[in-house]
Asks: 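Pasting in a structure now, in structure tokens, and then I'll have a few things to ask.
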2 protein chains.
Amino acid sequence: MTDRDLTQADTVRLAIEREIFGGQLAPGDALEEGRLASRFGVSRTPVREAITQLAQAGLITKRAHKRAVVAQLDPSTMLELFEALAELEGAAVFLSTSRMSEAEKGALKDIHEAAAENLGNGGDPNEYADLGFAFHQQIVRGCHNTALIDTTEWLALRVLPYRRFQVVAPGRLQRNQTDHDAIISAIFAGDAEAAREEIRRHTLEQGDALMRFIALNKTSHADFHPNGLIKEQPL
Amino acid sequence: MTDRDLTQADTVRLAIEREIFGGQLAPGDALEEGRLASRFGVSRTPVREAITQLAQAGLITKRAHKRAVVAQLDPSTMLELFEALAELEGAAVFLSTSRMSEAEKGALKDIHEAAAENLGNGGDPNEYADLGFAFHQQIVRGCHNTALIDTTEWLALRVLPYRRFQVVAPGRLQRNQTDHDAIISAIFAGDAEAAREEIRRHTLEQGDALMRFIALNKTSHADFHPNGLIKEQPL
DNA sequence: CCCTGATAAAGTGTGTACACTTTTTGCGGT
DNA sequence: ACCGCAAAAAGTGTACACACTTTATCAGGG
């Protein structure tokens, strides 16, 4: 049992997921079953199963007899996703404020302070992005409701590639940190309603900022590389 | 093109879905690929694909090399689902209050009044349940955010079979109608925050009531028939 | 009688073949 | 050149076969 009961379909699915989140597979790219099969050294059957799962998760789109393609996020859909995520994170933090244990609050504070330090020392922006993701995750998980956590994280994953863009947008990191300050203050003050409003505004603002950034750079979202860098079009 | 591009896997998936929502397949029931294949007159391949999709949707659970079973909702999971749904519906109505068109508000009022009439005339409780579902759906869709709507309805679908139980719980229908009154008032008054609170309380209460009902009747959720009736155990 | 373990039965995971659909290619007419 | 259209190529959907895993069956020892 060397492979921990991971079926080949699982392996393929995880690999494709990584390539999408990592940016090797960009939105709009076509996934052809035969190629993937030979690339991963398996038959088309497990590849097909992986694709089915990914389609169900919304990471790729699929129609009968048509090639599967990595999900294309047009601007309005992306805004909707950010808005929905803002509401979900708001709902989660509303519960988390009264439910997080002292240990969980401490871990949250640690993450926040590590991010502050990274920002002050001019550390690696990608590392800062990871800390930002961890910050949101820690808050969401604090609500102790698996259904809500899963739903929220599922949405968060979908916008993750786009959320990271902040690392290249001027002034965005500083603003991000300020927002996090306000959120963490509300949580420690036990003001659930304020925490909800802060995180809602914060996540909505991220979406808006991304839209402005894309519009300003006259670059379609298709040219926007999920890693947070623009594809073959240096600033 | 008589079958509207429905692949056989789609057909099988829809059939299984109907059987789950309809109650022919109860939570805990095992789905065996071979049987289903011969029952639907197809090979195991499309059945397998349907099962993969249903598993991804959370309607059934599946582990490597193990039979797929209709998702079992233990009490704590069910409470979590209701809580998460309460939050999502709250988020949706918060947006809907300012976004619903007059036509949409009118349709909502129509549904509400039809429900009131049904209740007053001692109409078919199942019809009342349908109206209740439509009421929630109309509100959620009023937020005009596809991502949020899809997410909420997906959760709502999962608890739908349990939500219907109200039709057999004494006094529950009347209470339900009163709650809806309060919600619709808040919406028409344009008080988004109040609407959110009302629907949150309402949906949470539905979950609690279901739990009490199950506990009182000393019947495990496994014996609880999704159609809203207890299986071979008359009251 | 109840374990325990071996063995058989049942069931899932994947490779492969092929029918059917979509997309591409290429050719003749305008 | 530009269309339309037919034929080929590419690709998806499904059936089927078989290896491997899990579950059920059963015989013998405590």
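Naming: A, B, ... by sequence-line order, numbering from 1 per chain.
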Asks: Of all the choices, D/dT12, C/dT12, D/dA15, which nucleotide is nearest to the side chain of B/Lys62 once you look at every atom?
Replies: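 Given the options D/dT12, C/dT12, D/dA15, the side chain of B/Lys62 is closest to C/dT12.
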Asks: Using a 4.0 Å heavy-atom cut-off across all strands, classify A/Ile51 as base, sugar-phosphate, or nothing.
Replies: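 Here A/Ile51 touches no strand at all.
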Asks: Between A/Glu32 (CD) and C/dT24 (P), how many Å, whole number?
Replies: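 My rounded result for the distance is 13 Å.
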Asks: Please determine whether a side-chain nitrogen of the Lys or Arg among A/Arg141 and A/Glu153 lies less than 4.0 Å from a carboxylate oxygen of the Asp or Glu.
Replies: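 Yes, A/Arg141 and A/Glu153 are salt-bridged.
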Asks: Do B/His136 and B/Thr203 come within less than 4.5 Å of each other through their side chains, counting heavy atoms only?
Replies: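 Result yes, sub-4.5 Å side-chain heavy-atom pair found.
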Asks: In whole angstroms, how far is the P atom of C/dT12 from the CD atom of A/Glu49?
Replies: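 Roughly 12 Å, once rounded to whole Å.
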Asks: Between A/Gln8 and A/Lys66, which is nearer to the 5' end of DNA chain C once each is assigned its nearest nucleotide?
Replies: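 Going by which nucleotide is closer to the 5' end, it is A/Gln8.
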Asks: Would you indicate which nucleotide in C/dT22, D/dA15, C/dT12 comes nearest to any side-chain atom of A/His65?
Replies: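 Minimum distance to the A/His65 side chain belongs to C/dT22.
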Asks: So do A/Arg13 and A/Asp10 actually touch side chain to side chain, heavy atoms under 4.5 Å?
Replies: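 A side-chain contact exists here, since the closest heavy-atom pair is under 4.5 Å.
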Asks: On a plain distance test, is the side chain of B/Arg35 in donor-acceptor contact with the base of C/dG11 below 3.5 Å?
Replies: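 Check fails, no donor-acceptor contact within cut-off.
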Asks: Can you tell me how the ring of A/His112 sits relative to the ring of A/Phe135, calling it parallel under 30°, perpendicular over 60° and tilted otherwise?
Replies: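 Judged by the thresholds at 30° and 60°, the geometry between A/His112 and A/Phe135 is tilted.
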Asks: Mind calculating the distance between CZ (A/Arg48) and P (D/dA15) to the nearest angstrom?
Replies: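 Roughly 11 Å, once rounded to whole Å.
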Asks: Would you say B/Thr45 places a side-chain N or O within less than 4.0 Å of OP1 or OP2 belonging to D/dT14?
Replies: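 It does not, given that no N or O in the side chain of B/Thr45 lies less than 4.0 Å from OP1 or OP2 of D/dT14.
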Asks: Can you tell me the distance, in whole Å, between the CG atom of B/Leu6 and the C1' atom of D/dT12?
Replies: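 Rounding to the nearest Å, CG of B/Leu6 and C1' of D/dT12 are 16 Å apart.
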Asks: In this structure, how many angstroms lie between the C1' atom of D/dT14 and the CG atom of B/Asp10, rounded?
Replies: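 One finds 13 Å between C1' of D/dT14 and CG of B/Asp10, rounded.
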Asks: With a 3.5 Å cut-off and just heavy-atom distances, do the side chain of B/Thr7 and the base of D/dG13 make a donor-acceptor pair?
Replies: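 There is none.
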Asks: By nearest atom, which of the nucleotides D/dT14, D/dA24, D/dG13 is closest to the A/Arg44 side chain?
Replies: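 So the side chain of A/Arg44 is nearest to D/dG13.
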Asks: B/Phe40 CZ to D/dA15 C1': how many Å, rounded?
Replies: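 So the two atoms are 18 Å apart, to the nearest Å.
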Asks: If you assign each of B/Ala64 and A/Arg63 to its closest nucleotide in DNA chain D, which residue comes earlier from the 5' end?
Replies: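 The residue whose closest nucleotide sits nearer the 5' end is A/Arg63.
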Asks: Tell me which one of B/Glu87, B/Glu89, B/Glu205 satisfies side-chain hydrogen bond (donor to acceptor under 3.5 Å, both in side chains) with B/Arg200.
Replies: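 For B/Arg200, the side-chain hydrogen bond (donor to acceptor under 3.5 Å, both in side chains) check succeeds only for B/Glu87.
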Asks: When the distance from CG of A/Leu36 to P of C/dT14 is rounded to whole Å, what number comes out?
Replies: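 Rounded to the whole Å, the gap is 15 Å.
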Asks: Roughly how many Å is it from CD in B/Glu33 to P in D/dT14, rounded to a whole number?
Replies: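 Going from CD in B/Glu33 over to P in D/dT14 covers 15 Å.
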